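See structure below.
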Amino acid sequence: MRGLSKIEETAVKRAAAEPMLDQVQQWAAVNSGSRNLAGLAEMARLYSDAFAALPGQVRLLDPNPVDAMQPDGSLSELRHGQNMHVKVRPDAPVQLLFTGHMDTVYAVDHPFQSLSWREDGILNGPGVADMKGGIAVMLAALKAVEASEAAAQVGYEVVINSDEEVGSAGSAALIAEAARGKRAALTYEPSALPDGTLAGARPGSGNFSIFIEGRSAHAGRNPEDGRNAIVAAADLTLRLAKAKGPRLSVNPARIEGGSPNNVVPDRAVLRVNMRPATIDDQGRGQSALEAAVAMVAAEHDVRVHVHGGFGRPPKPIDGEAQKLFELVQRCGAELGQQIGWRASGGVCDGNNIAACGVPVVDTVGVRGGAIHSTDEYLIVESLAERAQLSALTILRLASGATL
């Protein structure tokens, strides 16, 4: 640990000594799939108890209202769990943001519900890497900082949301408010690669549900009086697919609707995801969508309603973000950890934080892999490594490290 001050050396040792593995095992035993409200409530309680060790007030906040389009084109409320929020020393000279999520991709009826050891030091289980291990790392680092003489120099907010895996629609406003005025942010997604490589630039992501309303008619007697919503949806699918390019991914994912074979179908819903590399590409995708919708509506004589939007803005690496990555890299080097980064095709709350003008490194959680699958695993030694990395990075930011 060359180059560390006495305060820093003490803090990183404290961070590594926290009972993170025990926490991960306890937390991962609770199913907290994004739609399992009971499981999310239990996780919110467990996290609130754990984060009560920090000096700030722990609050559980209701999500913003969110609606979703049903297969018949109607909108209905989509319920999410509460979000945990902690605020500590809001008047301190350096203000930081730390975020994570309590939800996983594993539904309450998913077969992947238990923990097992694949081999020594490799724990397999739902959410162990994404991101119950990361939240244990976050808490360990913050507790170590709080025990140091430098704590008074840094204030922060913690947001652990309940809907990151489904786009953070119910928590995006909370994250944006917490990001206001922050010098930097750390998000505890698992590393981009098992070797600890961080995710750098990310594309944006937009999810759209497009309702096409045609007109039913008898398929044999008077089909000319009908307006086929399935055909219109298929035409729209092909038009949108043509908009894709090297910097704009367009994925028409599903068409829902239809009718008996002897009826011209009058309703269809097309689900589409777009991933733009930059804000300009996002604008191009939006324009392509609007143009395709207008042409299909006119040519097929149908009504088209678009629901949804770009919930994750693109996250480029600008100058301030580059400096934050380099600070994390220097801290890693002083701890004997080799830290690099690479662009990622995935998205997360780091996209939303960066869109607020706050530099963010969003994969400072554990090393592991196979996330979103039954092979998900945590490399246990990375709990201590990443807790030390976060603690040192926070202390360097608290001391006024230049970004």
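Please read all numbers here as calculations on a predicted model, not as lab measurements.
No side-chain heavy atom of Glu385 sits less than 4.5 Å from a side-chain heavy atom of Ile379. For the pair His80/Asn161, no side-chain contact is recorded, criterion being any heavy-atom separation below 4.5 Å from C-beta on. In this structure, Ile394 and Leu142 have side chains that are in contact, with non-hydrogen atoms separated by less than 4.5 Å. Counting only heavy atoms from C-beta outward, the side chains of Pro314 and Asp281 never approach each other to under 4.5 Å. Looking at heavy atoms from C-beta onward, Asp362 lies out of side-chain contact with Ile353 at the 4.5 angstrom threshold. In this structure, the side chains of Asn228 and His300 stay at 4.5 Å or more apart for every pair of heavy atoms. A heavy-atom distance below 4.5 Å is not found between the side chains of Met20 and Arg386.
Note that NZ of Lys143 and CG of Leu54 are 8.0 Å apart. Values are rounded to the nearest 0.5 Å. Once rounded to the nearest 0.5 Å, the distance linking CG of Asp301 with CZ of Arg215 reads 6.0 Å. How far CG of Asn352 is from NZ of Lys315: 11.0 Å, rounded to the nearest 0.5 Å. Taken from NZ in Lys87 to CD in Glu157, the straight-line distance is 4.5 Å, to the nearest 0.5 Å. Within the model, atoms CG of Leu75 and CE of Met69 stand 5.5 Å from one another, a figure rounded to the nearest 0.5 Å. Here Met131 contributes atom CE and Ile135 contributes atom CD1; the two are 6.0 Å apart, rounded to the nearest 0.5 Å.
Within the 3.5 Å criterion, the main-chain N or O of Ile339 finds a donor-acceptor partner in the side chain of Gln329. The backbone N or O of Asn351 sits nowhere less than 3.5 Å from a side-chain atom of Arg202 that would complete a donor-acceptor pair. At distances below 3.5 Å, not a single donor-acceptor pair connects side-chain atoms of Ser287 with backbone N or O atoms of Arg284. Of the possible donor and acceptor atoms, one in the side chain of Asn31 sits under 3.5 Å from a partner among the backbone N and O of Gly33. Within the 3.5 Å criterion, the main-chain N or O of Ala169 finds a donor-acceptor partner in the side chain of Asp163. Looking only at distances, no side-chain donor or acceptor of Gln153 sits under 3.5 Å from a matching main-chain atom of Leu397. Distance alone, capped at 3.5 Å, is enough to place a donor-acceptor pair between the Thr393 side chain and the Leu389 backbone. Using a distance-only test at 3.5 Å, with no hydrogens or angles considered, a donor-acceptor pair links the side chain of Ser32 to the main chain of Met102. In this structure, Glu18 contributes its side chain and Val137 its backbone to no donor-acceptor pair below 3.5 Å. Put simply, the side chain of Asn83 gets close to the backbone of Ser162: a donor and an acceptor are under 3.5 Å apart.
Asp130 and His101 form a side-chain donor-acceptor contact under 3.5 Å, judged by distance and modelled atom types alone. No hydrogens or angles considered: nothing links the side chains of Asp349 and Thr99 as a donor-acceptor pair under 3.5 Å. Of the N and O atoms on the side chains of His307 and Asp67, at least one donor lies less than 3.5 Å from an acceptor on the other residue.
Remark: Arg180 engages Glu177 in a salt bridge, criterion side-chain N to carboxylate O under 4.0 Å. Salt-bridge annotation for Arg239 and Asp235: present, with a side-chain N of the basic residue lying under 4.0 Å from a carboxylate O of the acidic one. For Glu381 and Arg367, the salt-bridge test passes: some basic side-chain N is under 4.0 Å from an acidic carboxylate O. Ionic pairing of Glu165 and Arg35 is not present here: no N-O contact between side-chain nitrogen and carboxylate oxygen is shorter than 4.0 angstrom. A salt bridge does not link Glu146 with Arg14: every distance from a Lys NZ or Arg NE/NH1/NH2 to an Asp or Glu carboxylate oxygen is 4.0 Å or more. Here Glu9 pairs with Lys13 in a salt bridge; the nearest charged N to carboxylate O distance falls below 4.0 Å.
Here the closest non-hydrogen pair linking Ala387 and Ala15 is O-CB, 3.7 Å. The heavy-atom pair separating Pro93 from Ala152 by the smallest distance is CD-O, 4.2 Å. Contact between Thr363 and Pro190 at its shortest, heavy atoms only, is CG2-O, 3.1 Å. Residues Ala232 and Val296 share a closest heavy-atom pair of O-CG1, 3.6 Å. Pairing each heavy atom of Ser114 with each of Pro126, the nearest pair is O-CD, 3.5 Å. Nearest heavy atom pair, residue Val128 against residue Glu376, reads N-OE2, 3.3 Å.
Ring orientation note: the planes of Phe208 and Phe310 are nearly perpendicular, at an angle over 60° on the 30°/60° scale. Ring-plane geometry between Tyr106 and Phe112 is classed as perpendicular, the angle between the planes exceeding 60 degrees on a 0 to 90 degree scale with a lower cut at 30.
With sequence neighbours left out, Glu290 forms a side chain to side chain contact (heavy atoms under 4.5 Å, CB included) with Gln286.
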